S.K.: 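So that we are looking at the same thing, I have put the structure below in structure tokens.
Scope of the values below: all heavy atoms of this structure, side chains included, with no hydrogens, waters or symmetry mates. Remember, it's a predicted structure, so these values are computed and weren't measured experimentally.
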Amino acid sequence: MVSLVITLIALLLPCRTWTLVHPRRNLLQTPYIDHFAEHQRVGDSSQISEGSASIYNVRELGAIGDGVADDTAAVQSAIDACLNPRNGVKCKGQVGNDCQSKFRSTNSNPGGVIYFPTGAYRITKPLQFQFSALYSAQPNGSDHNQVGRSGNSTPPLGTPAAHTVLGDGWSSMLLWDTKPTEDLMVWPGGSDGSQVTHLIVRDLAIVGYGADKNANATALKFGQGVTQSAFSRILFYGAGTLPARPDLSPGVKLIGTAFDLGIVTDTIGITDCVAWFICGTGVRIGHGSEVRIRGGRIIGGNQQDPARRFGPGNIGVHVTGNNGGVHVSATDVIALYEGIRLDSSNGAGSNREIFISTATVDSNYRGIVIDDASYVSVSNVWAASSYDANILLTPNAAGAIFVAVGGTIFNAGAEGHGDVATGANGLVAYTGSFTLSGVVVRNNMGRGIWVRSPPPDRAATVATAAHVRCVASTPGLSAQECVDASTAPQEWSVNGCRLYGNGVAVMVENPSSHSYLISSNVFGS
């Protein structure tokens with residue numbers, strides 16, 4: 001009966017190809033993008049090993065996968081064979097003769113699947129994903145060309161340069177056993193500034209191993225950037241992680257940064273990835289648009305333990321400037337120095353629109369930090385238990401707009417911050433504008449909402465456009481008065497919220513310097 005129902009559904013729904021996959025034969029499942037299907041219609045490991053020469057099984061190129069042998073050379077051979085087939089295949093070990101025969105192909109176009117069967121692959125040097133001929137995005141992320149060939153024709157999505165890095169799930173482990181400062185997997189991009197494009201990485205575990213990595217050592221690093229690509233079900237596993245792995249724990253070490261998406265980050269999906277116990281950044285995003293982080297967790301050190309508390313470089317999601325359409329949804333961002341940080345540190349200008357929904361930003365030193373002129377829309381977010389502030393609009397956030405609908409701002413200072421005179425706050429705004437609607441602001445040990453004046457050192461920063469306009473349009477103001485008028489929150493409102501259990505519900509410094517509305521709220525002790 002079940003088979004009959006499925007058959008009828010397939011027949012009645014037009015214009016759709018249906019594939020019924022056996023539950024134990026689903027390594028690749030449904031393609032993320034249909035154009036990748038030619039490289040993804042693979043069932044189990046036997047099909048992969050016997051399939052097209054565009055599928056490069058690292059074991060067939062000499063990798064052992066026992067957690068002891070150094071598999072770097074074999075894995076690098078698989079990468080090189082996939083991305084640069086014109087250079088031939090370098091096989092290693094007893095499989096060499098069969099390997100040469102198997103992977104000799106008349107198809108010399110780059111691209112395919114680099115496949116890691118279940119196993120533990122010890123990697124001691126950075127793996128380089130370098131193309132000799134690469135279909136890639138232009139530096140502005142808006143067009144495509146084929147590096148190394150004449151002309152600027154735009155190839156269709158799913159050209160042979162598209163490649164996938166694939167495992168069987170988290171039983172396919174890459175043991176990151178490089179030097180403390182070295183990355184694991186590197187896509188440098190083109191010498192002309194072009195980015196990697198049409199990439200999928202999925203169903204792998206990356207384990208910190210051998211030596212603790214520093215904050216800038218990166219698991220997946222893109223030099224020039226990455227566009228039109230997807231990452232899913234990747235585990236980044238560091239020392240101090242739960243659940244414990246007795247089989248690996250003697251060698252498991254701290255990991256640095258999970259994703260550094262490079263100078264240009266455009267049209268990217270990161271789905272159900274877990275970065276557990278990192279000392280660097282979970283996801284670092286360059287300029288571009290449409291980056292979606294959905295599900296998963298990013299967890300740093302233990303903020304209650306000074307030995308495991310990391311500094312300002314320990315960030316969950318860092319949007320470094322001039323990106324818009326960034327979505328963070330249903331994601332946990334926990335125990336970092338800053339949970340989500342928006343700034344213009346890449347020199348490309350302020351970020352644009354940022355959306356955070358149904359996420360948990362908990363137990364960080366600071367939760368959501370706005371350090372530029374972003375528009376930030378937050379809905380049904382749990383922002384809680386930060387040392388300093390659950391939400392912070394810094395003195396650099398002039399022009400920022402922060403809007404929160406629903407959700408909770410809760411329990412700042414609960415993780416041990418003793419200085420409620422300056423810290424343990426729910427929302428702190430030095431500048432910009434904000435609106436809270438239907439938000440519960442409760443049990444913050446300092447202030448629930450603190451609207452602050454710019455610090456005294458802002459008097460020296462009168463050279464910005466806003467300050468110049470202030471001086472020109474309002475003669476007679478002192479520099480400090482001008483700074484106060486141009487950088488203090490211009491407009492803010494708190495409507496239909498519930499505020500209770502805070503040290504102080506709402507504190508406003510210099511209320512005459514801005515416009516605000518507080519209405520229809522419920523206050524309690």
S.K.: Verify the distance criterion only: is there a donor paired with an acceptor across the side chains of Arg352 and Asn322 at less than 3.5 Å?
M.R.: yes
S.K.: Evaluate Gln195 against Val226 for side-chain contact (heavy atoms from CB on, under 4.5 Å), listing each step before the verdict.
M.R.: CA-CA 5 Å; Gln195 303 90 42; Val226 57; 5.6 Å; no
S.K.: In Å, rounded to the nearest 0.5 Å, how long is the span from OG of Ser229 to CD1 of Ile200?
M.R.: 8.0 Å
S.K.: Under 3.5 Å, side chain of Arg447 to main-chain N/O of Ala421, donor-acceptor pair present?
M.R.: yes
S.K.: Checking Ser344 side chain against Ser350 main chain: does a donor-acceptor pair fall under 3.5 Å?
M.R.: no
S.K.: For Thr227 and Thr197, which I'm curious about, is there any donor-acceptor pair between the side chains at under 3.5 Å?
M.R.: yes
S.K.: Looking only at the side chains, is there a donor atom on one of Glu509 and Trp450 sitting less than 3.5 Å from an acceptor on the other?
M.R.: yes
S.K.: Do Ile368 and Asn390 touch side chain to side chain, with heavy atoms closer than 4.5 Å?
M.R.: no
S.K.: Ignoring hydrogens, what is the shortest heavy-atom contact between Trp170 and Met173? Give both atom names and the distance.
M.R.: O-CG, 3.5 Å
S.K.: With sequence neighbours excluded, tell me which residues meet side chain to side chain contact (heavy atoms under 4.5 Å, CB included) with Ser520.
M.R.: none
S.K.: Can you list the steps and then say if His318 with Ser345 is a side-chain contact (heavy atoms from CB on, under 4.5 Å)?
M.R.: CA-CA 10 Å; His318 186 188; Ser345 56; 3.7 Å; yes
S.K.: What's the shortest heavy-atom distance between Met445 and Ala414, and which atoms?
M.R.: SD-N, 3.9 Å
S.K.: So, Ser374 versus Asp372: side-chain donor-acceptor pair below 3.5 Å or not?
M.R.: yes
S.K.: Would you say the side-chain atoms of His287 and Asn351 include a donor-acceptor pair closer than 3.5 Å?
M.R.: no
S.K.: What's the separation between atom CG in Leu166 and atom CG in Asp203, rounded to the nearest 0.5 Å?
M.R.: 6.0 Å
S.K.: Would you kindly check if the NZ (Lys) or CZ (Arg) of Lys213 is within the cone defined by 45 degrees around the ring axis of Trp176 and under 6.0 Å from the six-membered ring centre?
M.R.: yes
S.K.: Quick check against the 3.5 Å criterion: does Asn323 have a side-chain atom that pairs as donor or acceptor with the backbone of Thr265?
M.R.: yes
S.K.: State which residue, out of Thr394, Thr320, Asp371, Val376, fulfils the side chain to side chain contact (heavy atoms under 4.5 Å, CB included) condition with Leu342.
M.R.: Val376
S.K.: Donor-acceptor check, side chain of Asp183 to backbone of Lys221, threshold 3.5 angstrom: yes or no?
M.R.: no
S.K.: Apply side chain to side chain donor-acceptor pair (under 3.5 Å) to Ser386 and Asp388, showing your working.
M.R.: CA-CA 6 Å; Ser386 295; Asp388 183 56; over 6 Å; no
S.K.: Do Val326 and Phe355 pass the side-chain contact (heavy atoms from CB on, under 4.5 Å) test, and can you show the C-alpha distance, the side-chain angles, and the key distance before you say yes or no?
M.R.: CA-CA 6 Å; Val326 176; Phe355 305 93; over 6 Å; no
S.K.: Is the side chain of Asn444 donor-acceptor paired with the backbone N or O of Asn411 at a distance under 3.5 Å, no angle test?
M.R.: yes
S.K.: With a 4.5 Å limit on heavy-atom distance, are the side chains of Tyr237 and Val252 in contact?
M.R.: yes
S.K.: Does some side-chain heavy atom of Tyr375 sit less than 4.5 Å from a side-chain heavy atom of Ser377?
M.R.: yes
S.K.: For Asp362 and Thr360: C-alpha separation, side-chain torsions, deciding distance, then whether side chain to side chain donor-acceptor pair (under 3.5 Å) applies.
M.R.: CA-CA 6 Å; Asp362 198 315; Thr360 300; over 6 Å; no
S.K.: Do Asp260 and Thr281 make a side-chain contact, defined as non-hydrogen atoms from C-beta onward lying under 4.5 Å apart?
M.R.: no
S.K.: What's the spacing between Thr435 OG1 and Asn495 CG if we round to 0.5 Å?
M.R.: 7.0 Å
S.K.: For Gly282 versus Ala258, what's the shortest heavy-atom pair and its separation?
M.R.: O-CB, 3.2 Å
S.K.: Output yes when a side-chain donor or acceptor of Asn314 lies under 3.5 Å from a complementary backbone atom of Leu336, and no otherwise.
M.R.: no
S.K.: From Trp382 CH2 over to Ile409 CD1, what is the distance, rounded to the nearest 0.5 angstrom?
M.R.: 11.5 Å
S.K.: Are any of the side-chain heavy atoms of Arg233 and Leu204 separated by less than 4.5 Å?
M.R.: no
S.K.: With side-chain contact (heavy atoms from CB on, under 4.5 Å) as the criterion, how do Ile449 and Phe434 come out once you've worked through the C-alpha distance, each side chain's angles and the decisive distance to 0.1 Å?
M.R.: CA-CA 11 Å; Ile449 298 169; Phe434 68 88; 4.0 Å; yes
S.K.: Looking only at heavy atoms, which two atoms of Ala217 and Pro180 are closest? And how far apart?
M.R.: CB-O, 3.4 Å
S.K.: Is there a donor-acceptor pair closer than 3.5 Å between any side-chain N or O of Ser329 and the backbone N or O of Arg294?
M.R.: no
S.K.: Is any side-chain heavy atom of Val506 closer than 4.5 Å to one of Val494?
M.R.: no
S.K.: Taking only residues two or more places apart in sequence or in another chain, which ones pass side chain to side chain contact (heavy atoms under 4.5 Å, CB included) with Pro188?
M.R.: Gln128, Gln130, Val186
S.K.: Return the orientation label for the Tyr365 and Tyr337 ring planes: parallel under 30°, perpendicular over 60°, tilted otherwise.
M.R.: parallel
S.K.: Does any part of the side chain of Ile255, heavy atoms only, come nearer than 4.5 Å to the side chain of Phe277, both counted from C-beta?
M.R.: no
S.K.: Tell me the closest heavy-atom pair linking Cys497 and Gly438, and the distance in Å.
M.R.: SG-N, 3.7 Å
S.K.: Describe, in one word, how the ring planes of Phe222 and Phe231 are oriented to each other, choosing from parallel (under 30°), tilted (30 to 60°) and perpendicular (over 60°).
M.R.: perpendicular
S.K.: Can you check whether Glu338's main-chain N or O pairs, donor with acceptor, with Asn364's side chain at less than 3.5 Å?
M.R.: no
S.K.: Please confirm whether the backbone N or O of Thr257 pairs with a side-chain atom of Asn216, one donor and one acceptor, at under 3.5 Å?
M.R.: no
S.K.: Can you see which heavy atom on Ala412 is nearest to which on Gly426, and at what distance?
M.R.: CB-N, 4.3 Å
S.K.: Taking the six-membered ring for Trp and the full ring for Phe, Tyr or His, determine whether the centres of Trp492 and Tyr516 are under 6.0 Å apart.
M.R.: yes
S.K.: Working to the nearest 0.5 Å, report the span between CD1 of Ile234 and SG of Cys273.
M.R.: 4.5 Å
S.K.: Hey, what do you get for CD1 (Ile285) to CG (Asn346), rounding to the nearest 0.5 Å?
M.R.: 11.0 Å
S.K.: Going by heavy atoms in the side chains, are Ile123 and Leu175 under 4.5 Å from each other?
M.R.: no
S.K.: Less than 6.0 angstrom separating the ring centers of Trp276 and Phe236, yes or no?
M.R.: no
S.K.: Strictly distance-based, threshold 3.5 Å: is any side-chain N or O of Asn425 a donor or acceptor partner for the main-chain N or O of Thr422?
M.R.: yes
